[in-house]
Structure formats: structure tokens, C-alpha cells
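What follows is one structure encoded as C-alpha cells, with my remarks underneath.
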Amino acid sequence: MVQRPRVSQPSVKIPVALTIAGSDSGGGAGVQADLRTFAFHCVHGTSALTCITAQNTLSVTRVDALPPESVIAQIDAVVNDIGADAIKTGMLLNAEIMAVVAERLQSYHCDRLVVDPVMVSRTGVCLIDDEAIATLRDRLIPQATVLTPNRYEAQILAKQEIHTLDDMKAAAETIFKLGSQAVLIKGGGMRGKLCGVDVWFDGETLEVLRTETVGTHHTHGTGCTISAAMTANLALKQSPLEATKQAKIYLTQALHHALAIGEGQGPVGHYFPLLPSPKLSG
Ligand SMILES: Nc1ncnc2c1ncn2[C@@H]1O[C@H](COP(=O)(O)OP(=O)(O)OP(=O)(O)O)[C@@H](O)[C@H]1O
Ligand SMILES: Cc1ncc(CO)c(N)n1
């Protein structure tokens, strides 16, 4: 047997967050955005990949699903050893993967869970089929601490069109009935002054969350980033509403520092806390 030297090892206690989501080869959304966001909150990030997208700032050119058994094995490996103070789900892609993820989360009694119901891109393109939407609605959403649909996902879940702030509020109340503890309707897909205005409903509090509309074309990964920041804040033991408000502040700053990389929509700039601050003159 190898004897380990008896020296005291430095160690740091740090909250842990798990993301169950897809890979974005361009690094702006998906697992890459989630892990980077966790890191900038001083939360250790772990991951279970559901699919691999070939994607850049212009488009998604290919999606390969991982076998459901592989997704389960990744979740089990992480949770059984490292644990998770909070978990988020992102792009789950198909009904089979959704069903196994829902089953695993149920067996772990996860009580800090952010479900980003990735179904439709911000530009309105549908990413999953009807069976997957039904599985998401019936098996995953009722477990969520916070559910974070964008405008188009909220239209599907609430079965109504959303054009105005009142529409957003009504949809939040309808979607809340699907069983999550709270709903955040994200307004990045809203037009004009409503772009960047979100609506929160938790059964008691109906709140409009505003920062400012950031005039940038580089918005890739906004949805992944805000839900990952919420998850990190939940892992840091903030209340769901506080976690959401703080996450929106982080996301807005990241949008102010969005990256002009690639030919299309660049990603938000998660790195802003490390950027040198502007020099004081004088
Ligand atoms: N131009 C903007 N200015 C300010 N906030 C914005 C802007 N665009 C999006 N947001 C905010 O970003 C967050 C994510 O919202 P959005 O509707 O873009 O999500 P999504 O469609 O899921 O994102 P993704 O494009 O990553 O799929 C919300 O808080 C939203 O209000
Ligand atoms: C992998 C992945 N997840 C989520 C989104 C939504 O932004 C994306 N574009 N790619």
C-alpha cells in the first residue's frame, strides 16, 4: 500500500452547480456558457451533456443526441460523488432524454432546480418535437423551482399569443399552473421597449423585472446565461426571487460587454468582472 505523506492539504469549500444541457461548439450558449457563468459566481460547475451541436454565431448546422444511458451515467457520476447544491436543465432535445432526466431529478429530490425549457430559439425556430414538449410539460416542469421560458416558449406553454406586458403577465399566471414554484418569462424576444423586460410570478408575487435594454446585436447565449446565473445564486443559498434579480444584473452587464466575434450574433461577455476598469483621468 502506498503511504500518503502526512501534510495538511489546503482545501476550499465551494458550492456546486450541475448543468444538464447541450454543447455549443461556438462557446456562446449551452454547457459552455453555463460553466463559465458558474465560474464567475465562484460556484464549481459540473455537467451532463445531452447533445452536441455544431454551431457558431451564424447558425446550428448539426445536432447529435447522446444516448439517454450516457446522460444518466453522467448525472449519477456527479451527484453520487460530488453532489449538487443546485441544478439547471437546458437543451434536452428529445422526449427520451427528457424522461430519463425527469426520473433522475425526481429520485434525487432536487429542491433547487432551474428548468430552461429550450424549445424555440429567440428567433422563433422550433428546436424540439411535440412529444418532447409534452414530456417537458408533464414530467419536468412540475419539479422546477423556477421555469424560464422565452417569449415563444411561453406562447406554447400558455397557449396564447404574447405581444404586450399584460400578455406576459397573463401567460406567467397560466404557466404557473403547470406546477413549477415560480415562472420567469424572459423578454429578449419582445419588441421595442419591452425587449429586456421580464415577468416573474410565484403564485403570490407578480413582478416586472427591468434593467435596461442593451442596444447590441450580440445576444447569443442570453437565456443560458441568466438561467445559469440563477442556478449559481440558488447554490449560494439565495431565495429564488433574489437569485433571479441578481442573475438579471449579471446578464445585463454581460450584454454590455458582448463579444463581437464571428460573422453573426456574438455571445454575451461573461468575463466583464475581470476586464480592466477604465483608467481615471487626471
Ligand atoms: N437587448 C437586451 N437588453 C437587455 N436585456 C436583454 C436583451 N436581450 C435579452 N435580454 C434579457 O436576456 C435574458 C434572456 O432572455 P431571452 O428572451 O433572450 O432568452 P432566450 O431566448 O432563452 O435566449 P437565447 O437567445 O440564449 O435562446 C432576459 O432577462 C432578457 O430580458
Ligand atoms: C447547446 C445550446 N443550448 C441552448 C441554446 C439556446 O441559446 C443554444 N443555442 N445551444
Side-chain angles (χ1 to χ4, degrees), residues 19-35 37 47-66 88-93 97 114-128 146-157 162 165 168 171 184-200 207-230 243-258 262 264-268 270:
T19 173
I20 306 170
S23 164
D24 169 3
S25 55
V31 157
Q32 288 83 353
D34 294 344
L35 294 178
T37 302
S47 60
L49 273 190
T50 56
C51 62
I52 297 171
T53 70
Q55 183 174 176
N56 55 25
T57 65
L58 294 167
S59 63
V60 179
T61 50
R62 182 176 169 122
V63 183
D64 291 293
L66 281 162
K88 82 157 259 190
T89 63
M91 191 171 186
L92 298 181
L93 196 69
I97 294 177
V114 177
V115 173
D116 186 6
V118 179
M119 293 190 245
V120 189
S121 76
R122 204 226 264 221
T123 48
V125 178
C126 201
L127 301 169
I128 62 175
V146 190
L147 175 72
T148 63
N150 66 19
R151 176 191 181 185
Y152 302 101
E153 291 152 356
Q155 290 188 149
I156 294 172
L157 292 171
I162 298 177
L165 190 57
M168 291 175 83
L184 179 76
I185 299 191
K186 301 172 295 187
M190 298 298 289
R191 299 284 163 258
K193 285 193 176 142
L194 281 179
C195 175
V197 175
D198 303 342
V199 171
W200 166 275
E207 201 163 325
V208 178
L209 305 185
R210 301 169 195 268
T211 45
E212 62 270 2
T213 306
V214 183
T216 177
H217 168 65
H218 301 303
T219 56
H220 186 62
T222 48
C224 300
T225 299
I226 195 169
S227 56
M230 289 164 67
T244 304
K245 287 179 175 174
Q246 292 301 323
K248 188 155 175 63
I249 291 170
Y250 175 82
L251 180 268
T252 307
Q253 284 304 313
L255 266 173
H256 276 297
H257 296 84
Q265 276 196 329
V268 302
H270 299 103

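Both ligands and their constituent atoms are indexed starting at 1 by order of listing. Only this structure's heavy atoms are used, side chains among them; waters, hydrogens and symmetry mates stay out. The structure presented is a predicted model; accordingly, all values stated were derived computationally and were not measured.
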May I ask you to list the atoms of ligand 1 that are less than 4.0 angstrom from any heavy atom of [X]?
{"X": "Gly189", "value": "17 (O)"}
{"X": "Gly221", "value": "26 (O)"}
{"X": "Gly188", "value": "8 (N), 9 (C), 15 (O), 16 (P), 17 (O), 18 (O), 30 (C), 31 (O)"}
{"X": "Ile226", "value": "29 (O)"}
{"X": "Gly196", "value": "4 (C), 5 (N), 6 (C), 31 (O)"}

Are any of the N/O atoms in [X] less than 3.5 Å from those in ligand 1?
{"X": "Lys186", "answer": "yes"}
{"X": "Leu251", "answer": "no"}
{"X": "Thr213", "answer": "no"}
{"X": "Cys195", "answer": "no"}
{"X": "Lys248", "answer": "yes"}

Legend entry - Protein contact to atom 9 (N) of ligand 2 [nearest heavy atom, distance to 0.1 Å]: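 Residue, atom and distance for the closest contact: Gln55 OE1, 2.8 Å.
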Legend entry - Nearest neighbour in protein (non-hydrogen) for atom 2 (C) of ligand 2: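 Atom 2 (C) of ligand 2 sits closest to the protein heavy atom Met91 SD, 3.6 Å.
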Test item: [X] and [Y] side chains (from C-beta on) under 4.5 Å apart, heavy atoms:
{"X": "Arg191", "Y": "Arg151", "result": "yes"}
{"X": "Thr211", "Y": "Leu255", "result": "no"}
{"X": "Cys224", "Y": "Lys88", "result": "yes"}
{"X": "Thr213", "Y": "Lys193", "result": "no"}
{"X": "Ile226", "Y": "Asp198", "result": "yes"}

Legend entry - Numbering as shown, the atoms of ligand 2 that approach Ser23 to under 4.0 Å (heavy-atom distance):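 Those atoms are 1 (C).
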Is [X] reaching over with its side chain to a backbone N or O of [Y], donor-acceptor style, under 3.5 angstrom?
{"X": "Ser47", "Y": "Thr19", "value": "no"}
{"X": "Lys248", "Y": "Gly196", "value": "yes"}
{"X": "Gln55", "Y": "Asp24", "value": "no"}
{"X": "Ser23", "Y": "Thr53", "value": "no"}
{"X": "Thr89", "Y": "Ile20", "value": "no"}

[options]: member with heavy atom nearest to [atom]:
{"atom": "atom 29 (O) of ligand 1", "options": "Asp198, Thr219, Asn150", "value": "Asp198"}
{"atom": "atom 5 (N) of ligand 1", "options": "Leu255, Thr244, Val214", "value": "Leu255"}
{"atom": "atom 5 (C) of ligand 2", "options": "Ala29, Cys51, Ala21", "value": "Ala29"}

Inset, instruction - Give a yes/no verdict on whether any heavy atom in Cys224 is under 4.0 Å from an atom of ligand 2. - result: yes
Inset, instruction - For ligand 1, indicate whether the residue Glu212 contacts it via side chain, backbone, both or neither (heavy-atom separation under 4.0 Å). - result: backbone
Legend entry - Within reach of ligand 1, part of Thr225 (heavy-atom separation under 4.0 Å): neither
Inset, instruction - Quick one: closest heavy-atom pair of Ser227 and Thr148, and the distance? - result: CB-OG1, 4.1 Å
Legend entry - Test side-chain contact (heavy atoms from CB on, under 4.5 Å) applied to Met230 and Thr37, Thr225, Leu251, Leu184, the passing residue: Leu184
Inset, instruction - Would you please determine whether Ala29 falls within less than 4.0 Å of ligand 1 on a heavy-atom basis? - result: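 The answer is no, since Ala29 has no heavy atom less than 4.0 Å from ligand 1.
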